[in-house]
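Data block below; observations after.
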2 protein chains.
Amino acid sequence: MTRPTVRDIAREAGVSLATVDRVLNSRPRVRENSIRLVQDAVEKLGYVRDVSAANLAKRKEYRFAFIIPDSRSKFVETILAALNEVKQVPGPDRISVDTILAPADDANATARILTGLDVQRFDGVAIMCPETPQVRDAVIRLKQAGLAVVALVSDLPSSRRDHFVGVDNKAAGRTAGALMGRFLCGKQGKVLVVSGSLLSRDSIERRFGFDGILAERFPSLVVLPTVESRNDNYRLISIVKQVMTAHRDILGIYALGSGNSAILDALRATGRIRSCTLIMHELTEITRAALEADEVDVVIMQNVGHLVRSSIRVLRAYSDNTPIVDSQEKIRIEIVTKENLVEL
Amino acid sequence: MTRPTVRDIAREAGVSLATVDRVLNSRPRVRENSIRLVQDAVEKLGYVRDVSAANLAKRKEYRFAFIIPDSRSKFVETILAALNEVKQVPGPDRISVDTILAPADDANATARILTGLDVQRFDGVAIMCPETPQVRDAVIRLKQAGLAVVALVSDLPSSRRDHFVGVDNKAAGRTAGALMGRFLCGKQGKVLVVSGSLLSRDSIERRFGFDGILAERFPSLVVLPTVESRNDNYRLISIVKQVMTAHRDILGIYALGSGNSAILDALRATGRIRSCTLIMHELTEITRAALEADEVDVVIMQNVGHLVRSSIRVLRAYSDNTPIVDSQEKIRIEIVTKENLVEL
DNA sequence: CTTGACGTGAGGTACGTAACTCACTAAATC
DNA sequence: GATTTAGTGAGTTACGTACCTCACGTCAAG
């Protein structure tokens with residue numbers, strides 16, 4: 001009834017413990033035939049390696065680094081908070097997580113940090129940054145050094161990252177578009193899209209999804225050219241004010257990412273808040289308060305706690321070649337309204 | 001830099017390993033003063049027990065039982081599938097999960113199963129069933145026997161369950177109501193609510209939340225008396241057909257739980273599908289297909305994988321008195337549209 | 001003074017696995 | 001024929017913790 005151990009395998013296969021160990025850890029110097037004997041015994045007895053005992057014996061420590069942009073963005077703050085929470089709680093497994101802040105808006109600096117990373121010190125890296133050729137090269141180097149690499153929030157598809165932990169941003173944009181269309185009830189008018197920076201892949205994909213569904217299903221809505229904040233909130237406030245004054249028939253605003261606070265300020269200043277349907281991304285203290293105040297209609301989010309924990313599970317799985325439970329690691333596009341907002 | 005062990009504590013406190021062990025496991029025969037010495041050393045060195053090593057030494061196995069209603073409901077099927085998935089993947093911890101099917105619609109039989117449960121064989125139980133006095137008494141017995149008990153999907157508040165794993169159903173109802181109201185764009189008309197059984201607490205709470213928000217924010221919509229399926233799909237189809245014919249001004253339908261398939265069939269038969277705004281609960285093969293076919297507007301769901309994994313984590317935490325990460329265990333009310341539907 | 005309960009230390013074994021050494025055989029190579 | 005090498009078994013130590021036994025000292029009640 002109790003789980004079989006290596007000893008049972010050895011007995012069943014008729015080989016010694018050492019041979020079982022050699023096979024299980026794919027060490028050399030084992031005859032093909034013995035390998036098969038052991039494998040058959042494993043199969044027959046349903047042996048599964050006791051990971052915690054193995055890690056204990058190996059004194060294995062997983063050391064992971066999270067490369068996070070050093071921006072004052074509220075979304076990044078929630079990610080850092082989630083990372084801190086993970087660090088507080090001593091998991092059953094010996095995992096250490098280092099958070100490394102990389103200058104935001106400077107992909108080269110990020111690439112340099114990646115290149116300078118001591119590959120001896122880490123088993124895996126989670127990277128949140130836009131993809132550039134330099135970043136791609138740095139990731140390839142990390143992979144070659146044997147580290148597990150996951151892309152966080154924004155994908156790095158052309159690099160050899162092992163995994164992407166984040167939402168399907170095109171689908172997120174489509175979701176935002178569908179809700180915008182439904183909420184506007186077939187009215188004729190304009191929709192404004194506001195972006196942090198159109199350089200980052202996630203913004204582009206969201207925009208693409210949003211435009212697509214509006215064109216398909218809500219042709220009565222006209223999407224205005226995207227307003228870009230370039231991470232300058234003062235600039236953003238004035239541009240949004242200007243646009244809102246110029247276009248009195250703007251019915252809805254879709255905020256692709258950063259700049260939520262500035263957009264809200266601009267709308268409050270122009271008195272257009274609550275008369276516009278507002279859809280924003282990421283649940284932060286700003287958007288939470290705006291939801292509660294009925295200023296924002298919907299927030300599209302990804303659960304940062306899940307993001308961080310999933311990254312760690314995936315990094316661990318890659319660094320010791322164990323399978324991944326896809327359904328657990330799939331990051332959902334969550335739709336948050338005032339009603340299903342979770343407290344705290 | 002490496003984690004302190006019991007040895008370090010013993011050295012720091014100036015006592016023997018045995019004494020440290022006695023203190024850490026709160027065994028008798030230790031002087032007050034020695035207890036304090038050890039506790040101070042633990043604090044100073046930041047010692048945290050290595051749970052996997054401890055479990056290894058204890059040959060501890062967590063044995064959990066899941067009591068699940070034996071209905072042909074698609075939602076229950078997805079829960080069983082999630083349970084099976086968990087059983088397949090051998091976690092790092094030695095956890096065994098038994099699924100026990102209890103007759104649906106027979107709370108007494110469920111109570112009898114709980115009463116008959118061998119308290120020696122299990123460390124914890126997750127229970128999905130409506131609350132009755134018999135169930136409450138059975139839960140109290142389990143608690144007294146030292147088992148951890150969580151309520152799954154539907155809460156058992158008056159029993160002494162340790163934890164509830166599921167969504168806030170009143171908030172789920174409010175969410176459904178708010179979406180229904182927004183999607184109906186201020187039109188005047190009727191809304192139909194269909195329930196599996198109004199006995200179960202989750203249905204009542206959803207209905208309550210739904211009615212509340214419609215009354216508050218969408219007074220132009222009239223909610224018809226609830227149609228109850230009593231888990232009889234043929235009956236449900238004919239009632240829904242009848243109601244739909246009698247009331248030509250039904251604009252929306254809110255399905256509180258079971259019977260989704262019958263409702264869809266009835267609407268298809270009466271040709272009212274797609275002309276009604278339809279909001280249903282739980283993502284199953286039925287509702288998924290209906291979402292993809294644009295027959296359902298929104299599905300409100302709880303992630304069953306999360307539900308099951310969270311239950312297990314919580315049961316484990318309660319059975320060895322370790323803290324719970326609230327943010328990880330909070331089950332979210334997920335809003336699913338065709339656009340943010342995840343594949344598979 | 002004896003008895004016994006209490007408090008403590010020393011030391012051991014065990015859990016399941018990893019990783020190592022040493023010894024040995026059989027076959028291949030020199 | 002001597003040397004190497006691949007393949008194997010036997011055995012040991014270690015990881016961090018639990019839990020056990022035994023011995024010993026202290027102190028108070030009988």
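Per chain, numbering begins at 1; letters A, B, ... match sequence-line order.
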| field | Test: B:Arg63 and B:Asp98 ion pair at under 4.0 Å | value | no
| In terms of side-chain heavy atoms, does A:Glu282 have a donor or acceptor partner in A:Thr78 at a distance below 3.5 Å? | no
| When you check the side-chain N and O atoms of B:Glu61 and B:Ser96, is any donor under 3.5 Å from an acceptor? | no
| query | Going through the distances and angles, do A:Val135 and A:Thr132 end up as a side chain to side chain contact (heavy atoms under 4.5 Å, CB included)? | reply | CA-CA 5 Å; A:Val135 168; A:Thr132 64; 3.3 Å; yes
| note | Bounded by its outermost nucleotides with an atom under 4.0 Å from a heavy atom of chain B, the footprint on DNA chain D reads D:dG16 to D:dC19
| said: Quick check for you: to the nearest 0.5 Å, what is the distance between A:Tyr62 atom OH and A:Ile312 atom CD1? | reply: 12.5 Å
| Are A:Asp155 and A:Arg161 close enough for a salt bridge, meaning some N to O gap below 4.0 Å? | yes
| query | Of all heavy-atom pairs between A:Leu17 and A:Ala10, which one has the smallest distance, and what is that distance? | reply | N-CB, 4.1 Å
| Least distance between heavy atoms, B:Asp8 atom then B:Thr5 atom | OD2-N, 2.8 Å
| query | Taking A:Ser311 for the side chain and A:Leu307 for the main chain, is one N or O donor matched with an acceptor at less than 3.5 Å? | reply | yes
| Distance check: side-chain N/O of B:Thr19 vs OP1/OP2 of C:dG9, anything under 4.0 Å? | yes
| said: Suppose we screen for salt bridge (Lys or Arg N to Asp or Glu O under 4.0 Å). Which residues come up paired with B:Lys330, at least two apart in sequence or across chains? | reply: A:Glu343
| task | Please test B:Gln328 against A:Arg309 for side chain to side chain contact (heavy atoms under 4.5 Å, CB included), starting from the C-alpha separation and ending with a verdict. | result | CA-CA 9 Å; B:Gln328 188 175 7; A:Arg309 286 185 287 264; 3.4 Å; yes
| So which pairs with a foot in residues 136-147 of chain B pass salt bridge (charged side-chain N to carboxylate O under 4.0 Å, His left out), sequence neighbours left out? | B:Lys143-B:Asp162
| Expressed in angstrom and rounded to an integer, what is the separation of A:Arg27 atom CZ from C:dT21 atom P? | 12 Å
Tabulate protein N/O versus nucleotide N/O from nucleotides 3-7 of chain C, keeping only pairs under 3.5 Å, one per line.
unit_1	atom_1	unit_2	atom_2	d
C:dG7	O3'	B:Arg31	NE	3.1

| message | Just by distance, no angles: are the side chains of A:Glu77 and A:Thr284 close enough, under 3.5 Å, to form a donor-acceptor pair? | response | no
| query | Using the C1' atoms of the five pairs at each end, what is the angle between the end axes of the helix from C:dC1-D:dG30 to C:dC30-D:dG1, to 10°? | reply | 40°
| Residue mapping more 5' on DNA chain D - nearest nucleotide basis, B:Arg22 or A:Ala18 | A:Ala18
Anything under 3.5 Å between a protein N or O and an N or O of nucleotides 14-17 of chain C, put it in a table, one pair a line.
unit_1	atom_1	unit_2	atom_2	d
C:dC15	O2	B:Ala57	N	3.2
C:dG16	N2	A:Ala53	O	3.3
C:dT17	OP1	A:Tyr47	OH	2.7
C:dT17	OP1	A:Asp50	N	3.2
C:dT17	OP2	A:Val6	N	2.9

